[in-house]
Amino acid sequence: MDKEYLRRWFDPQSRSFKELRELQHEATLMIDLRDGFRELRTVAGMDCSYLGDRIICAIVVLDYTTLDIIKREHVVQKVRLPYIPTYLNFREGCAMASAFGKLEKKPDVLIMDSCGINHPRRSGMASYFGAVMDHPTIGVSKKILCGEALVPTEVGEYHELVYEGEQVGWVLKTSKRSNPIIASPGHKVSMQSCLEIVGHCLKGHKLPEPTRLAHLYAAELREELKAGKGHQTTFNENY
DNA sequence: GCGACAG
DNA sequence: ATCTTGTCGC
C-alpha cells in the first residue's frame with residue numbers, strides 16, 4: 001500500500017461528493033463476505049478521538065484467546081473533512097490507514113468503531129477500509145445508520161439487522177444498563193463469524209474489548225496532546 | 001419539503 | 001466526536 005494508493009482511496013481533498021460516492025461504489029465491488037482469515041490468534045480494535053483540527057487514531061492489538069494487549073500504535077493528523085453521515089471513511093480513512101500501516105504484524109481481524117455493510121451504499125468505514133486494504137474487518141457501532149431490527153432486551157439476546165430486505169448485521173444486547181450495539185461484517189468476515197468474533201471479545205462491557213480499549217487509548221492520547229506532550233508524541237502527517 | 005443520520 | 005455535574009448501581 002504505497003502513499004499514492006492510499007491517497008487515491010482515502011484523501012477527500014478536491015473531490016466532489018459524486019466522486020466520493022463513486023469511490024465507495026468501486027470499493028463495494030471488491031467486498032467479499034466469506035471468511036478470509038486462516039486462524040484467529042490476534043484481533044485489533046481501532047478508534048479515533050479529536051482535538052481541535054487534529055484527529056488521533058489509536059489501534060490496539062490483542063491476543064485473541066486471552067484478550068491481553070500485545071501492541072499499541074497511533075498517529076496524529078490534520079482533519080480533512082467535517083463529519084458527514086455516510087462519508088465517515090473519508091474523514092478518518094487517512095489516519096486509520098496510517099496507524100494500521102505502522103503495525104509490523106497485522107492482526108488476523110480488525111474491529112472498527114463504525115459501520116460495515118450496514119450502510120446506504122454498503123460502504124461503511126469497516127467495509128471500505130477492509131476492501132481497500134484487503135484485510136478482514138468488522139464494524140461495531142452504537143447507533144443504527146440504516147436498517148431495522150427487533151430490540152433485544154436481555155443480555156446475550158441478539159437480532160438480525162435488515163436493510164432493503166437483506167441482513168446487513170446484528171443488534172446485540174451486551175450489558176444490562178447500556179443500549180444494544182450493532183455489529184456488521186466489513187470485509188472477508190462472514191455474517192456468522194462476525195457474530196462469533198464480536199461475541200468472543202465481549203467481557204461484560206457494552207463494547208467488545210478491542211474497540212473499547214482502542215477508544216480508551218485514543219482518549220488517553222488526546223489528553224496528552226492537550227497537556228502539551230504532543231511534540232514528544234508521534235507526529236505522522238499525511239497518509 | 002421534512003426528518004434521520006456511524007464518529 | 002466534543003462540551004459538561006451530579007447521580008444511580010454493580
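The sequence lines fix the lettering, A, B, ..., with proteins before strands; numbering per chain opens at 1. Hydrogens, waters and symmetry mates play no part in the numbers below; they use all other heavy atoms, side chains included.
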Can you check whether A/Phe10 reaches A/Leu23 side chain to side chain, under 4.5 Å on heavy atoms? no
Polar contact flag, side-chain donor to acceptor under 3.5 angstrom, A/Arg122-A/Ser127: no
From CA spacing to verdict: side chain to side chain donor-acceptor pair (under 3.5 Å), A/Thr86, A/Arg121: CA-CA 8 Å; A/Thr86 75; A/Arg121 294 178 290 283; 3.1 Å; yes
For DNA chain C, write out the stems as range with range, using runs of 3 or more consecutive Watson-Crick or G-U pairs with both distances under 3.5 Å. none
Which value, rounded to the nearest 0.5 Å, describes the distance between A/Arg7 atom CZ and A/Tyr5 atom OH? 13.0 Å
Can you hop from A/Tyr158 to A/Ile138 via hydrophobic side chains spaced under 4.5 Å? yes
Roughly how far, to the nearest 0.5 Å, is the CG atom of A/Leu161 from the OG atom of A/Ser141? 8.5 Å
Applying salt bridge (Lys or Arg N to Asp or Glu O under 4.0 Å) to A/Arg8 and not counting sequence neighbours gives A/Glu26
What residue pairs, at least two apart or across chains, pass ring-ring contact (aromatic ring centres under 6.0 Å, His included) with a residue in residues 173-228 of chain A? A/Tyr64-A/His200
Given A/Asp134 and A/Lys188, is the salt bridge (charged side-chain N to carboxylate O under 4.0 Å, His left out) satisfied, shown in steps? CA-CA 8 Å; A/Asp134 191 31; A/Lys188 287 191 168 178; 2.9 Å; yes
Just to verify, which of A/Ile69, A/Leu103, A/Val43, A/Leu213 counts as forming a side chain to side chain contact (heavy atoms under 4.5 Å, CB included) with A/Val61? A/Leu103
Starting at the 5' end of nucleotides 3-10 of chain C, put B wherever the base has a protein heavy atom under 4.0 Å, S where only the sugar-phosphate does, and a dash everywhere else. S-------
Non-neighbouring partners of A/Tyr87 that pass ring pair (Phe, Tyr, Trp, His ring centres under 6.0 Å), sequence neighbours left out: A/Phe17
The reported gap from CD in A/Glu164 to SG in A/Cys146 (rounded to nearest 0.5 angstrom) is 7.5 Å
Counting runs of three or more consecutive pairs, Watson-Crick or G-U wobble, with each distance below 3.5 Å, where are the stems of DNA chain B? none
Remember a base hit wins even if backbone is also touched, and classify A/Tyr50 as base, sugar-phosphate or nothing at under 4.0 Å, heavy atoms. sugar-phosphate
Over all strands shown, is A/Phe90 touching base, sugar-phosphate only, or nothing at heavy-atom distances under 4.0 angstrom? nothing
Members of residues 118-131 of chain A that approach DNA chain B, where some heavy atom sits under 4.0 Å away: A/His119, A/Gly124, A/Met125
Across all chains, not counting sequence neighbours, the salt bridge (Lys or Arg N to Asp or Glu O under 4.0 Å) partners of A/Lys105 are none
Whole angstroms only, please: what is the CG-P distance between A/Leu81 and C/dA1? 18 Å
Residue list, salt bridge (Lys or Arg N to Asp or Glu O under 4.0 Å) with A/Lys142, at least two apart or on another chain: A/Asp113
Do A/Lys106's NZ or CZ and the ring of A/Phe100 fall within the cation-pi criteria of under 6.0 Å and 45°? yes
Near DNA chain B, counting only heavy atoms under 4.0 Å, which residues of residues 189-220 of chain A show up? none
Apart from A/Tyr50 itself, residues in the same hydrophobic cluster as defined by side-chain heavy atoms under 4.5 Å: A/Ile55, A/Val79
Go through DNA chain B in 5' to 3' direction and return only the first and the last nucleotide with some atom under 4.0 Å of chain A's heavy atoms. B/dC5 to B/dG7
At what distance, to the nearest 0.5 angstrom, does CE of A/Met112 lie from OH of A/Tyr128? 12.0 Å
Could you state the atom-to-atom distance from CZ of A/Arg54 to P of C/dA1 in whole Å? 19 Å
Side-chain contact test, heavy atoms from C-beta onward, threshold under 4.5 Å: evaluate it for A/Phe129 versus A/Leu110 and give yes or no. yes
